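Hydrogens, waters and symmetry mates are skipped; everything else that's a heavy atom, side chains included, is used. From a predicted model like this one, the values you see are computed outputs, not experimental measurements. Counting begins at 1 with the first residue of the sequence.
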Amino acid sequence: METALEVYNDVDKRSPETQPIKRRKKQSKVWEHFTIQFTQPGCRRAFCIGCNQSFAYSNGSKVAGTSHLKRHIDKGTCPALVHHHNTQDNNEMMTPHTAKSETPYTDKSETPRRRRYRTHDTSACVVFDQDKCRHEIAKMITMHDYPLHMVEHPGFVSFVHTLQPNFFDALSFNNVQGDCVATYLAEKQNVIRSLEGIPGRFCLTLDFWTSKLTLGYVFITCHFIDNDWKIQKKLLNVLMEPCPESEQALSLAVANCVSEWGLEGKLFSVTFNHPASKPAAENIRPLLCIKNPRILNGQMVIGNCVARTFSGLAKDVLDKGKDVIKKVRDCVKHVKTSESHEERFVALMEQLQLPGEKVLSLDDQTQWDTTYKMLVAASELKEVFSCLDTADPDFKQPPPSTEDWSHVETLCTLLKPLLEAASTLQTTGSPSAVTFFHEVWKTHSDLSRSIAGDDPYVAGIVKTMKEKADKYWRECSLVLAMAVVMDPRFKMKLVEFSFSKIFGEDAGKNINTVDDGIHELFSEYVALSAPVKAASEDELSEFDKYIIKERAGKNLKSEMDQYLEETLLPRVQEFDVLEWWKQNKLKFPTLSKMARDILAIPVSAAAFDYVFDVEPREMDEYKTSLRPETVEALICAREWLRESDASSGADVQMSSAIVKAET
């Protein structure tokens with residue numbers, strides 16, 4: 001087959017009479033990639049130099065142009081061209097999947113140095129950024145808790161290779177692990193900046209997790225009230241403890257957190273949900289920042305998380321009723337694990353004309369609230385279960401007896417107030433000690449009445465519950481009461497009233513303990529608020545002493561006494577105690593600082609989703625196989641990224657609302 005050049009040479013040898021008009025030289029850059037060849041008389045095709053694919057060019061006097069030829073090289077459909085440009089630096093490659101635009105490839109443009117593609121619906125070219133892609137994959141794995149090894153799974157490798165073949169080389173377990181840690185370190189700087197300038201002190205919660213390897217993991221979260229008098233919390237650490245039962249485990253975890261985050265002199269209280277010996281709790285007290293670590297008998301160290309306390313009380317109920325609960329669970333399991341069984345159950349329920357307002361569901365035995373809901377729903381449908389064997393021949397087990405159903409109702413009666421109290425931890429953004437003073441007081445009173453009843457079955461269950469409730473009240477009532485005193489709707493009046501109901505003849509002694517403690521703590525804040533004298537101000541020190549003596553001589557009331565003597569505010573449902581202190585901080589400059597710290601004390605160390613756990617959470621086997629530093633980076637960064645996304649979403653909604661309001 002003759003080439004185009006040979007054809008033109010033959011034409012030049014012709015006579016002037018037969019020689020056609022000389023064609024102009026081809027200017028388009030596509031001819032660097034194509035040659036023209038005659039395939040048959042009068043018909044010429046353009047052949048790609050790289051892949052030898054042919055395209056229509058001319059047929060007789062009709063010329064097809066070059067647009068389709070440019071598309072062949074412009075969209076990367078030529079295999080040879082793709083291979084050539086894929087050997088270039090990845091960071092300079094052009095792909096159809098990023099956002100940066102380039103000037104379209106035209107006939108007059110020079111040969112591009114970088115690989116270019118065009119999208120199907122736009123002429124914009126886009127840049128492939130390998131570093132950004134690695135960052136986004138690390139962020140994706142962190143936010144959604146994917147395993148790091150997923151980047152080496154064959155399915156994921158094939159998917160990425162389809163999107164961008166050259167990116168595959170950058171994906172490995174070690175690279176992604178390093179990228180996730182880098183994401184954590186970047187987010188950590190944001191958290192550090194957010195904690196700077198917080199006016200009050202920090203309260204820590206320690207949530208202990210176990211593992212199959214007998215290693216412990218401590219989730220440390222700090223709670224504080226920000227400059228706008230809003231309560232906030234931040235996960236700071238997830239520390240692996242090789243010996244979680246040792247007396248030093250708690251104090252070492254707290255000390256590491258304090259040192260790493262610069263909380264020296266800023267720590268106010270510690271709440272944990274891990275059973276600890278008295279020496280273990282004693283080791284924490286020197287880390288508290290208040291002037292005297294033993295102030296209030298060390299009760300700023302709260303060893304009883306309220307969520308774990310309520311779960312312990314619920315577990316006592318479930319343990320006592322485990323036999324009858326198993327009977328109910330087996331009945332529910334029969335109905336819910338077969339579609340035909342459930343259809344027969346529903347048909348019988350309709351035949352008996354029972355409403356069945358509660359949804360029948362099988363419980364998760366690690367979450368006690370699901371067991372309560374199963375018992376309540378089954379109890380409402382006990383008539384259906386009692387005659388289910390007549391409608392369902394597969395129902396072989398004997399249904400619970402009348403006495404069994406009576407015990408189920410008793411169990412539900414005991415569990416219901418515990419569920420309502422514990423649910424406050426989920427329905428309230430940051431439940432305060434004020435809220436749980438009421439809940440604990442109510443629970444303690446209910447148990448006292450139940451144990452004095454005539455039902456021996458109830459009394460047997462309540463006795464164990466009462467012992468745990470008494471222990472919690474002894475250890476935490478002072479801190480809870482101090483929070484109540486800082487609420488201008490209650491102050492000392494509610495403490496006096498409730499203690500008289502709980503302690504009887506010993507009420508006066510316990511009331512004095514709270515009153516002395518609150519005044520002692522206030523004295524510490526007064527001392528800490530005193531200005532530090534410079535050497536040049538020594539001449540005024542005598543003047544300061546003179547003023548103090550004069551005030552003492554006139555028996556001027558302190559901020560604390562003035563606050564306590566003022567009339568109680570009306571008890572309205574939507575009262576915001578933090579907002580009240582924000583509005584009155586100038587009136588009570590020192591007392592407001594104390595109120596800020598007391599009202600920040602968390603009553604629960606359990607995360608939102610784990611309030612109803614019967615046993616401590618267990619770290620999954622995959623994470624225990626990773627380095628402790630990697631585990632901490634993944635969990636903390638996931639929490640921070642989700643908070644950041646939630647905050648951004650809230651800002652967008654607020655902006656939209658403002659725009660709508662203005663329009």
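A distance of 4.5 Å separates CD1 in I225 from CG in L578, rounded to the nearest 0.5 Å. Of the inter-residue distances, the one linking H407 atom NE2 with T410 atom OG1 reads 6.5 Å to the nearest 0.5 angstrom. Within the model, atoms NZ of K442 and NE2 of H438 stand 12.0 Å from one another, a figure rounded to the nearest 0.5 Å.
Within 6.0 Å of CD on E403 lie no more than 12 heavy atoms contributed by other residues, nucleotides or ligands. Within 6.0 Å of OH in Y457 there are more than 12 heavy atoms belonging to other residues, nucleotides or ligands. Within 6.0 Å of the CD atom in E566, the count of heavy atoms belonging to other residues, nucleotides or ligands exceeds 12.
Salt bridge status for E196 with R193: absent, with no side-chain N to carboxylate O gap under 4.0 Å. A salt bridge is defined here as a Lys NZ or Arg NE, NH1 or NH2 lying under 4.0 Å from an Asp or Glu carboxylate O, and E475 with K471 meets this definition. The pair R308-D613 does not meet the salt-bridge criterion, since no charged nitrogen lies less than 4.0 angstrom from a carboxylate oxygen. We find that K320 and D316 are not joined by a salt bridge, their nearest charged nitrogen and carboxylate oxygen being 4.0 Å or further apart. K491 has no carboxylate O lying under 4.0 Å from a charged side-chain N of D487, or vice versa, which leaves the two without a salt bridge. The residues E643 and K233 are annotated as not salt-bridged, no charged nitrogen and carboxylate oxygen being separated by less than 4.0 angstrom. Salt bridge status for D226 with R596: absent, with no side-chain N to carboxylate O gap under 4.0 Å.
For the side-chain contact (heavy atoms from CB on, under 4.5 Å) with S269, the lone residue among I601, I598, T205 that qualifies is I601.
Scanning both residues, L411 and G321, for their nearest heavy atoms gives CD1-CA, 4.0 Å. Looking at every heavy atom in both residues, A469 comes nearest to L447 through CB-CD1, 3.8 Å.
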### Query
Step by step, would you call D470 with H444 a side-chain hydrogen bond (donor to acceptor under 3.5 Å, both in side chains)?
CA-CA 7 Å; D470 287 343; H444 191 277; 2.6 Å; yes

### Task
Apply salt bridge (Lys or Arg N to Asp or Glu O under 4.0 Å) to E409 and K382, showing your working.
CA-CA 11 Å; E409 291 177 2; K382 59 186 176 184; 3.0 Å; yes

### Message
Could you walk me through whether D597 and Y525 satisfy the side-chain hydrogen bond (donor to acceptor under 3.5 Å, both in side chains) test, starting with their C-alpha distance in whole Å, then the side-chain angles of each, then the deciding distance to 0.1 Å, before giving a yes or no?
### Response
CA-CA 11 Å; D597 294 337; Y525 275 81; 2.6 Å; yes

### Query
Given the rule in the ring pair (Phe, Tyr, Trp, His ring centres under 6.0 Å) test, do W441 and F436 qualify, once you have shown the distances and angles that lead to the verdict?
CA-CA 8 Å; W441 171 30; F436 273 88; over 10 Å; no

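Using bins of under 30°, 30° to 60° and over 60° for the plane-to-plane angle, the ring pair F612/W368 lands in the perpendicular bin. Using the six-membered ring where Trp is involved, F437 and W473 have ring planes that are tilted, between 30° and 60° apart. Between F499 and F503, the ring-plane angle classifies as perpendicular under the 30° and 60° cut-offs.
No hydrogens or angles considered: a donor-acceptor pair under 3.5 Å links the side chains of N237 and E632. For D363 and Y372, the side-chain atoms include no donor-acceptor pair closer than 3.5 Å. Under the 3.5 Å distance criterion, with hydrogens and angles disregarded, a donor-acceptor pair is assigned to the side chains of D561 and H519.
Remark: K623 fails to qualify as a cation-pi partner of W209 under the 6.0 Å distance and 45° angle criteria applied to the six-membered ring.
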